[in-house]
Number of protein chains: 2
Amino acid sequence: MVTIQEVAKKAGVSTATVSRVLNNRETVREKTRVRVEQAIQELNYEPSALGRNLRNSESRLLLVLIPSISNPFYTEIINGIEDTAISKGYNILLCETDSNPAREAIYFNMVRNRLADGIILMDPTVNRKNLYDLASRHPIVQCSEFDEEGEISYVTIDNELAAYQAVKHLIKLGNRRVALINTDEKYLYARERRRGYEKALHEFGLPIESKWMRETEQLGFEGGQQAMRSLLNEADKPNAVFSVSDVLAIGAMKEIQLQGLKVPDDIAVIGFDKISFSNMTNPTLTTIAQPMYKMGSISANMIINKIRGKDVESLILDHELIIREST
Amino acid sequence: MVTIQEVAKKAGVSTATVSRVLNNRETVREKTRVRVEQAIQELNYEPSALGRNLRNSESRLLLVLIPSISNPFYTEIINGIEDTAISKGYNILLCETDSNPAREAIYFNMVRNRLADGIILMDPTVNRKNLYDLASRHPIVQCSEFDEEGEISYVTIDNELAAYQAVKHLIKLGNRRVALINTDEKYLYARERRRGYEKALHEFGLPIESKWMRETEQLGFEGGQQAMRSLLNEADKPNAVFSVSDVLAIGAMKEIQLQGLKVPDDIAVIGFDKISFSNMTNPTLTTIAQPMYKMGSISANMIINKIRGKDVESLILDHELIIREST
DNA sequence: CATAAAAATGTAATCGATTACATAAAAGAC
DNA sequence: GTCTTTTATGTAATCGATTACATTTTTATG
């Protein structure tokens, strides 16, 4: 590997001068600069980020922690993060945690080790003690999911309100038996969206019945399908379903159709996230749109500001109900 | 930040001894080891990866370059890479290139800079000169897509054969007007799958007609939908479609159904990749399954072997035709 | 042309770890 | 208890860059 020493020798200058040329710092004489640049060219020299980072203690790398890349929900968020980060001279690295504490620890350590400058966290299942410990010394922000108790900045939407509006929409269409397909309540959004669901039922004087609520372990289509199958086994079938994610909703629609029922005539379905796929189903899926790109972009800005030592404030963004054919 | 010096001081030993404890190297006396470990505990010391990597010139980090994380095709591959890499003590970082040469350059440089030990490349649109240049000095393997001319190791499937079998399946069902929905032929798989398509037509004495071939820029659903719309505008409509990806195939099915036609009765559809979604459509999608997890796992093994200086051989894995409702 | 001021470059310490080699301490042999 | 061998620990160089400070070269001034 070519080092700065070799370049310096070839150009007949000191390493300090080469470094100055590299960082176009101070005043290097035109003649010398050209000579150094030539040497760099000829030797095909690439400065070692390791040496540089060690000295500067910064890496200009951001870690983005997501539970699983297979979840389309994260796609747009990541685009937002990426565009913003790159425009500010940072690169991002995607880390899939699988909600596995051991993996999280690895990535957290990359920040402790100074391999990365900060973390954008989208995984809610992180160990709280570890999280606080990291947050106390290193830049970290949360996106979408966040810890309600801690002091860590976040950007998210009002999940309770969004769920409330979704369910209200279903009720206003005349559906009085509204089911809920939820995920594990370890997720904050799951707890909040259930609250919104219950609030809407309550407001319209409808009973909150556990026979119409399901909690699925699986976040994939199959999870939604299973939950729907179980709901359809009830003697008293629901005539509408609010699902906390599009993926689950699509699984649910699949099951409804498998059983020979029609969406929305027999059962109306509403999802959450507006993933690109939700427009490809038949019927197309009514859903709640989150400003995902914006969420990503804002969280990138937040973490960069934090890295630079500025104070940042948490934000709650607006959502939107997208009415399509499934309701 | 706590350094090894502070630990050494606290434990009353030299940094060399602390380092030995950290790497449980050689023989450190029980008593000393305990004292050092206590100091590490109390100071909450984390060794700096930067210092360590600089000295050892290795980072135990692998870069995985994909064009876009939104493409579900990569999901399983990445799982395979991740499991294997982690079991061998390497961490992976996902890099989304957007097929943008500037971004690729950034990630390539991370390897040149020794921030990462090697690259698993899944993006075909990389600049060839850059690629060869990197490959000549640093470990890199290609997964799925590869450069036909270079010497860089790869793992993939026989795309031409798979496409041939898919189209043969359509023809054997009695469809004599088989259309092709392809992507940009900058992709190797696109060129190979077209060859397989043509081979099958040729074998059954069917003409190769450009009116039944479409090339789409967009890799998303919309691309498939548009291509299908255009195909259905032909006076002489196809009665079967081979689409080079499930995503495009699903878009195509959507359009067929929008126009009031039935899959597979009016038009049979076959996809490629067996993404998880392909089982959620109505009807479910006939497709070609690639051994994605295995491809990922093998490519991780290949890159690690390369990093360790071993020679590695390219591999072509088996695929499988999954017949479902759409044909 | 001599001298002061400004600009360019060099010297060497530094970041935080690892490790060859040197030295000190413990164990074993008589 | 002394001497040798073995084991444990310390010293200092090293990885590849950056930068405060020192030194040299250039430019400006009278």
Side-chain angles (χ1 to χ4, degrees), chain A residues 1-40 43-61 109-117 137-138, chain B residues 1-40 43-61 109-117 137-138:
Chain A
M1 194 182 162
V2 187
T3 70
I4 201 172
Q5 275 83 8
E6 301 171 51
V7 175
K9 198 159 134 204
K10 176 140 200 154
V13 297
S14 72
T15 61
T17 302
V18 178
S19 175
R20 285 183 192 112
V21 172
L22 286 172
N23 301 283
N24 38 342
R25 194 68 51 79
E26 302 166 54
T27 38
V28 175
R29 212 153 20 130
E30 181 67 14
K31 222 171 76 185
T32 338
R33 218 197 56 229
V34 171
R35 227 173 42 237
V36 171
E37 276 164 355
Q38 239 159 30
I40 290 176
L43 293 174
N44 220 310
Y45 164 75
E46 284 286 344
S48 154
L50 250 29
R52 177 174 287 171
N53 294 349
L54 176 58
R55 182 59 218 238
N56 294 346
S57 44
E58 72 158 11
S59 64
R60 301 207 140 239
L61 242 41
N109 272 341
M110 284 182 63
V111 175
R112 292 208 180 86
N113 289 342
R114 321 241 48 145
L115 275 184
D117 291 348
R137 298 171 219 275
H138 300 278
Chain B
M1 195 182 163
V2 186
T3 72
I4 200 173
Q5 275 83 8
E6 302 171 49
V7 175
K9 198 158 135 204
K10 176 141 200 153
V13 297
S14 72
T15 62
T17 301
V18 178
S19 175
R20 285 182 192 112
V21 172
L22 285 172
N23 302 282
N24 39 344
R25 192 68 51 77
E26 304 165 51
T27 38
V28 176
R29 211 148 29 122
E30 181 67 14
K31 224 172 73 185
T32 339
R33 219 197 57 229
V34 171
R35 224 170 48 237
V36 171
E37 276 165 355
Q38 241 160 28
I40 290 176
L43 293 174
N44 220 310
Y45 164 74
E46 285 285 344
S48 154
L50 250 28
R52 179 174 285 171
N53 294 350
L54 176 57
R55 180 60 215 235
N56 294 345
S57 43
E58 72 158 12
S59 64
R60 299 207 143 242
L61 241 41
N109 272 340
M110 285 183 63
V111 175
R112 293 209 181 86
N113 289 342
R114 321 243 46 146
L115 276 182
D117 291 347
R137 297 172 221 273
H138 299 279

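These figures come from a predicted structure and were not determined experimentally. The analysis underlying the following values was restricted to heavy atoms, covering all of them including side chains, and did not include hydrogens, waters or symmetry mates. Proteins get letters first, then strands, A, B, ... in listed order; numbering begins at 1 in each.
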Worksheet item: Can you check side chain to side chain contact (heavy atoms under 4.5 Å, CB included) on B/Leu115 and A/Asn53, steps first, answer last?
Response: CA-CA 10 Å; B/Leu115 276 182; A/Asn53 294 349; 3.9 Å; yes

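Contacts of A/Leu50 with the nucleic acid, taken as non-hydrogen atoms under 4.0 Å apart, are absent. Among the heavy atoms of the strands lying under 4.0 Å from B/Ser48 are primed sugar atoms or P, OP1, OP2 only; no base atom is included. Nucleic acid contact for B/Val18: none, since no nucleic acid atom lies under 4.0 Å from a heavy atom of the residue. Here B/Ser19 lies in heavy-atom contact (under 4.0 Å) with a base. Among the heavy atoms of the strands lying under 4.0 Å from B/Glu46 are primed sugar atoms or P, OP1, OP2 only; no base atom is included.
Two residues are said to be in side-chain contact when any heavy atoms from C-beta on lie closer than 4.5 Å; B/Thr17 and B/Arg20 meet this criterion. Within the 4.5 Å cutoff, no side-chain heavy atoms of A/Asn113 are placed close to those of B/Arg52.
Between B/Glu6 atom CD and C/dG16 atom P the separation is 8 Å, expressed in whole Å. What separates CZ of B/Arg33 from P of D/dT9 is a distance of 11 Å, to the nearest Å. Separating the CG atom of A/Asn24 from the P atom of D/dT19 is a distance of 13 Å, rounded to the nearest angstrom. Taking atom CD on A/Glu58 and atom C1' on D/dT18, their separation rounds to 12 Å, with Å as the unit.
You'll find that the side chain of A/Val28 is closest to C/dT9, out of C/dA26, D/dG10, C/dT9. Taking only side-chain atoms of A/Arg55, from C-beta outward, the nucleotide of C/dT18, C/dT14, C/dA26 with the closest atom is C/dT14. Each of C/dA17, D/dA17, D/dT9 was ranked by its minimum atom distance to the side chain of A/Arg52; first place goes to D/dA17. Taking only side-chain atoms of B/Arg29, from C-beta outward, the nucleotide of C/dG10, C/dA17, D/dA8 with the closest atom is D/dA8. Side-chain atoms of B/Asn23 lie closest to C/dT18 of the nucleotides C/dC15, C/dT9, C/dT18. When the nucleotides C/dG10, C/dT19, D/dT19 are ranked by their closest atom to the side chain of A/Asn56, D/dT19 comes out on top. Distance from the side chain of A/Arg20 is smallest to C/dG10 among C/dT19, C/dG10, D/dA17. Side chain of A/Ser14, nearest nucleotide from C/dT11, D/dG16, D/dG10: C/dT11. Minimum atom distance to the side chain of B/Thr32 is reached by D/dT9, of the listed D/dT9, C/dC15, C/dA17. Listed nucleotides C/dT18, D/dA17, C/dG10 differ in distance to B/Leu22; the shortest reach to its side chain belongs to C/dT18.
In this structure, D/dG30 and C/dC1 make a Watson-Crick or G-U wobble pair, each of the two defining distances being under 3.5 angstrom.
Of all the heavy atoms in A/Glu37 and A/Val21, the pair that sits closest is CG-CG1, 4.1 Å.
Atom CE of A/Met1 is separated from atom CD of A/Glu6 by 9.5 Å, given to the nearest 0.5 angstrom. Atom CG in B/Leu22 sits 10.0 Å away from atom CD in B/Glu46 (nearest 0.5 Å).
For the OP1/OP2 pair of D/dG10 and a distance below 4.0 Å, the side-chain nitrogens and oxygens of B/Thr17 include at least one atom meeting the criterion.
Between B/Leu54 and B/Glu30, the residue anchored nearer the 5' end of DNA chain D, judged by the nucleotide with its closest heavy atom, is B/Glu30.
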